Amino acid sequence: MRLSRYFLPVLKENPADAQIVSHRYMLRAGMIRQQAAGIYSWLPLGFRVLRRIEEIVHQEQVRAGHIPLLMPTLQPADLWRESGRYDDYGQEMLRIKDRHERDMLYGPTNEEMITDIFRSHVSSYKDLPLTLYHIQWKFRDELRPRFGVMRGREFLMKDGYNFDIDKDAALHAYNRHMVSYLRTYERMGLTAIPMRAASGPIGGDNTHEFLVLANTGESEVFYDDRVTSLKLGARDIDYDDRSQVAEVCKEFTTLYARTDETHDQAVFDQIPEAHRKVGRGIEVGQIFYFSTKYSEPMGAVVVNDKGERVPVHMGSHGIGVSRLLGAIIEASHDDKGIIWPEGVTPFPVGIVNLKQGDSAADAACEGLYKALKAKGLEALYDDRDERAGAKFATMDLIGLPWRITVGPRGLANGVVELTSRRTGESEEMSPEAAVDRVAQIYAGR
RNA sequence: CGGAGCGUAGCGCAGCCUGGUAGCGCACCUGCUUCGGGAGCAGGGGGUCGGAGGUUCGAAUCCUCUCGCUCCGACCA
């Protein structure tokens, strides 16, 4: 993408309403535009990152054996009357009437609807296990939206639902989700710690929240800091292998890590003092096992191998997709702007032409741009007629992890500069070498 | 929802107290100079002062109502 033809409305000054760094940078980098309290348009740069995050979530869900579908944003109230949540949910649920005065609602979550789909089409234990998920916009009419996309009213969420014949099978689904989530967050360059959580209005007694450590987080967290060095890495996981998956979960949940909701000071005090940490975290996901809470009232039953009709065991599992943008920025930025991890960056690399109009510089940039494209990498080429300082400032702000700087001075020696946004370190090399290096960095992305 | 505050150009703000017909910086447009970390000079365009009533010869400014947004607290992916 050539910046001169892109739509990237960056701001030099900080918008007054943005209180936290991720919100400020998302506005300044031209990623979002607020339309109402807690409701945002996604401008091209923000939209690219959102799509990228969504893609990673999809890939890891499918890898775990979960099946994508898509349910609507608007739902009939009757389904919610069946589960009893139409009255329980309160003002957070946006209620709407259609032209025939039928009660509708903008879905805050989809347990009822997925259960309805399940009960109409599945009737035998032979069709289990089954996990369906979607990534869809939700609306929760928060009392107080704030912090940009971190706490919006409209937000994009991945929500998945497992249907299993018994508790053991459902707990395996729970574990499978935990592992797939760990992998999902790692691919985004995040350390998200599973912490035992309290169940909210969704219900259930087995639940973990995934927290990204950040001092702007809304939850207070207590943890043994050795959890932060646990990594899933590239290990090969068979998601159908119950014991292997359970082992991974055990590895990641044995060390103490809890939010203020479930914190137990007595247990916490037993951690060696050097590892005992109190901090703040951003909740980026949550998994639940809630047994037959929805299947029973809504009649989601299957016939088991003895010919008996039994309610299925369910769980629901969510990842806040739009919130993740904020969380990633909170975890990865400096005073100049965002620093995108390679996994989610809107463009893999930026090209800065220091002297637009200089025939050698222009030609070198064009060559780099095309060579990168040939390797499947779409660079953001700053071909504007701006001074070097303005171009650097823009690149730093929008946070592309790698930058190739091209100027007449370097070209006279046959080199361009490859700079890491994270470390600020630069290395001079030939344009061909720069392309190869970038391609190597993104190999297997 | 309880408490506090703010709505004046795309963004950041001044003007309001003490009414007299709207201003500054950034951004934008034109020209010249400049050009390896947000350039300088000159010129220019853009605003129903959130909205509706009211007071007044006259309202961004005073009064009433209303809408929106933000912050602190209690709740949530």
Side-chain angles (χ1 to χ4, degrees), chain A residues 9-20 23-24 27-28 30 33-39 53 57 89-93 107-110 135-160 181 192 197-202 207-212 217-219 259 261 281-288 316-327 336-337 352-358 361 382 384-397 403 405-412 416-417 419 424 426 428:
Chain A
V10 299
L11 302 173
K12 251 187 187 178
E13 290 174 276
N14 281 322
D17 289 343
Q19 299 298 308
I20 62 170
H23 190 195
R24 275 205 300 276
L27 290 168
R28 285 194 51 203
R33 158 92 186 164
Q34 181 170 335
Q35 306 292 172
I39 299 176
I53 290 175
V57 171
Y89 222 93
Q91 293 288 299
E92 253 191 33
M93 178 186 280
T109 179
N110 287 66
I135 296 178
Q136 177 62 289
W137 292 94
K138 306 290 189 291
F139 195 91
R140 293 184 191 171
D141 203 356
E142 300 280 349
L143 286 177
R144 192 177 159 214
R146 63 185 129 170
F147 301 151
V149 300
M150 297 268 281
R151 189 164 182 67
R153 290 193 293 171
E154 186 184 53
F155 58 97
L156 189 61
M157 181 168 95
K158 172 261 159 182
D159 44 323
Y181 279 23
S199 61
I202 294 177
T207 174
H208 279 84
E209 290 177 338
F210 291 77
L211 279 291
V212 171
E218 292 192 87
S219 313
T259 66
E261 292 173 332
I282 301 164
E283 193 190 325
V284 293
Q286 185 158 12
I287 54 178
F288 285 99
S316 75
H317 317 277
I319 292 180
V321 173
S322 47
R323 174 180 282 184
L324 273 166
L325 275 90
K336 291 179 192 159
V352 169
N353 186 343
L354 291 173
K355 199 169 176 70
Q356 206 69 43
D358 177 274
D382 191 344
R384 295 173 303 166
D385 188 17
E386 288 283 348
R387 298 161 64 91
K391 292 191 177 187
F392 289 142
T394 299
M395 280 295 172
D396 288 344
L397 175 63
R403 183 184 82 207
T405 309
V406 180
R409 198 184 293 172
L411 288 176
V416 297
E417 218 172 88
T419 306
S426 288
E428 292 193 334

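Predicted, not measured: the structure shown is a model, and the values here were computed from it.
- Comparing the P positions of rA27(B) and rG15(B) gives an interatomic distance of 24 Å, to the nearest angstrom.
- Applying the Watson-Crick and G-U wobble criteria (two distances, each under 3.5 Å), rC49(B) pairs with nothing in any strand.
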*What do the steps show when you test Arg28(A) against Glu13(A) for side-chain contact (heavy atoms from CB on, under 4.5 Å), and what is the final call?*
CA-CA 7 Å; Arg28(A) 285 194 51 203; Glu13(A) 290 174 276; over 6 Å; no
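- Looking at the side chain of Leu143(A), the nearest of the listed nucleotides rC75(B), rC69(B), rC1(B) is rC1(B).
- Remark: Arg146(A) engages Arg144(A), Arg151(A), Glu218(A) in a side chain to side chain contact (heavy atoms under 4.5 Å, CB included) (not counting sequence neighbours).
- In this structure, Gly410(A) reaches the bases: a heavy-atom distance under 4.0 Å links it to at least one base atom across the strands shown.
- Of the nucleotides present, rC13(B) is the one that pairs with rG23(B) by Watson-Crick or G-U wobble criteria, both distances under 3.5 Å.
- Taking 3.5 Å as the limit, the base of rG38(B) and the side chain of Glu386(A) contain no donor-acceptor pair of atoms between them.
- rU21(B) sits 14 Å from rG47(B) when the C1' atoms are compared, rounded to a whole Å.
- For the pair Glu142(A) CD and rA74(B) C1', the computed distance is 12 Å after rounding to whole Å.
- Across all strands, Val321(A) comes closer than 4.0 Å to no nucleic acid atom at all (heavy-atom distances).
- Base pairing annotation: rU61(B) forms no Watson-Crick or G-U wobble pair, as no partner gives both donor-acceptor distances under 3.5 Å.
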Check nucleotides 50-52 of chain B against the protein and report each pair of N or O atoms closer than 3.5 Å, with its distance, or say if there are none.
none

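- Heavy atoms of Ala388(A) sit under 4.0 angstrom from primed sugar atoms or phosphate atoms, though from no base atom.
- Rounded to whole angstrom, the span from the CG atom of Leu27(A) across to the P atom of rG10(B) amounts to 16 Å.
- When the C1' atom is used for both rA4(B) and rG46(B), the distance is 35 Å, rounded to whole Å.
- Distances shorter than 4.0 Å separate none of the side-chain N or O atoms of Gln34(A) from OP1 or OP2 on rG68(B).
- Applying the salt bridge (Lys or Arg N to Asp or Glu O under 4.0 Å) rule to Arg387(A) yields no partners; only residues at least two apart in sequence or on another chain are considered.
- Atom OH of Tyr89(A) and atom P of rC76(B) are 9 Å apart (whole Å).
- Stacking here means ring centres nearer than 5.5 Å and ring planes tilted less than 30 degrees, and by that measure Phe155(A) stacks onto rA77(B).
- Rounded to whole Å, the separation between the P atoms of rG25(B) and rC65(B) comes to 38 Å.
- Every residue two or more places apart in sequence or in another chain was checked for a side-chain hydrogen bond (donor to acceptor under 3.5 Å, both in side chains) with Ser219(A), and none qualifies.
- Phosphate contact (OP1/OP2 of rA39(B), side-chain N/O of Arg387(A), threshold under 4.0 Å): present.
- Nearest nucleotide to the side chain of Glu92(A), out of rC76(B), rG10(B), rA77(B): rC76(B).
- The listed nucleotides are rA77(B), rC35(B), rG36(B); the one nearest the side chain of Lys355(A) is rC35(B).
- Pairing partner, rU70(B): rA4(B), with both Watson-Crick or wobble hydrogen-bond distances short of 3.5 Å.
- Nucleotides rU18(B) and rA9(B) place their P atoms 25 Å apart, quoted to the nearest Å.
- Nucleotides rC6(B) and rA22(B) have their P atoms positioned 25 Å apart, rounded to a whole Å.
- The side-chain hydrogen bond (donor to acceptor under 3.5 Å, both in side chains) search around Asp396(A) returns none, not counting sequence neighbours.
- For the pair Gln35(A) and Glu283(A), nearest-nucleotide mapping onto RNA chain B gives the more 5' position to Gln35(A).
- Residues Glu261(A) and Glu209(A) are in side-chain contact: their nearest non-hydrogen atoms beyond the backbone lie under 4.5 Å apart.
- Counting only heavy atoms from C-beta outward, the side chains of Val284(A) and Leu211(A) never approach each other to under 4.5 Å.
- Residues meeting the side-chain hydrogen bond (donor to acceptor under 3.5 Å, both in side chains) test with Lys391(A), sequence neighbours left out: Gln356(A).
- Take Arg33(A) and apply the side chain to side chain contact (heavy atoms under 4.5 Å, CB included) test, not counting sequence neighbours, and it matches Gln35(A), Ser41(A), Leu43(A).
- Positionally, the nearest nucleotide of RNA chain B for Gly38(A) lies more toward the 5' end than for the other of Gly38(A) and Met150(A).
- In this model, a side-chain donor or acceptor of Arg403(A) finds a partner on the base of rG37(B) within 3.5 Å.
- Between Leu411(A) atom CG and rG36(B) atom P the separation is 15 Å, expressed in whole Å.
- rG73(B) atom P lies 12 Å from atom CZ of Arg151(A), rounded to whole Å.
- We find that CZ of Arg153(A) is positioned 18 Å from P of rC76(B), with the value rounded to whole Å.
- Taking the P atoms as reference points, rA52(B) lies 12 Å from rA60(B), given to the whole Å.
- With sequence neighbours excluded, the residues satisfying side-chain hydrogen bond (donor to acceptor under 3.5 Å, both in side chains) with Arg403(A) are Thr405(A).
- Atom name C1', nucleotides rG45(B) and rU61(B): the rounded distance is 27 Å, in whole Å.
- When the C1' atom of rG37(B) is taken as reference, atom CG of Asp382(A) falls 13 Å away, rounded to whole Å.
- Among the atoms of the strands shown, none is found under 4.0 Å from any heavy atom of Gly318(A).
- With hydrogens and angles ignored, the 3.5 Å screen pairs no side-chain donor or acceptor of Thr207(A) with any backbone N or O of Phe288(A).
- Not a single donor-acceptor contact under 3.5 angstrom links the side-chain atoms of Arg146(A) to the base of rC71(B).
- Contacts of Gly326(A) with the nucleic acid, taken as non-hydrogen atoms under 4.0 Å apart, are absent.
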Sub-3.5 Å pairs of nitrogen or oxygen atoms, protein against nucleotides 25-27 of chain B:
{"from": "rG25(B)", "atom 1": "N2", "to": "Glu13(A)", "atom 2": "OE1", "distance (Å)": "2.6"}
{"from": "rA27(B)", "atom 1": "OP1", "to": "Lys12(A)", "atom 2": "NZ", "distance (Å)": "3.1"}

Kindly give the atom pairs (protein nitrogen or oxygen, nucleotide nitrogen or oxygen) under 3.5 Å for nucleotides 4-9 of chain B.
none

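- The distance between atom CG of Asp17(A) and atom P of rC69(B), rounded to the nearest whole Å, is 11 Å.
- Shown here are the salt bridge (Lys or Arg N to Asp or Glu O under 4.0 Å) partners of Lys355(A), two or more places apart in sequence or in another chain: there are none.
- Formation of a donor-acceptor pair under 3.5 Å by the Arg323(A) side chain with backbone atoms of Glu283(A) is found in this model.
- Pairing each heavy atom of Tyr181(A) with each of Gly318(A), the nearest pair is OH-N, 3.2 Å.
- The side chain to side chain contact (heavy atoms under 4.5 Å, CB included) search around Glu92(A) returns Tyr89(A), Arg140(A), Glu142(A), not counting sequence neighbours.
- Within the shown strands, rU33(B) is the pairing partner of rA39(B) under the Watson-Crick or G-U definition, both distances less than 3.5 Å.
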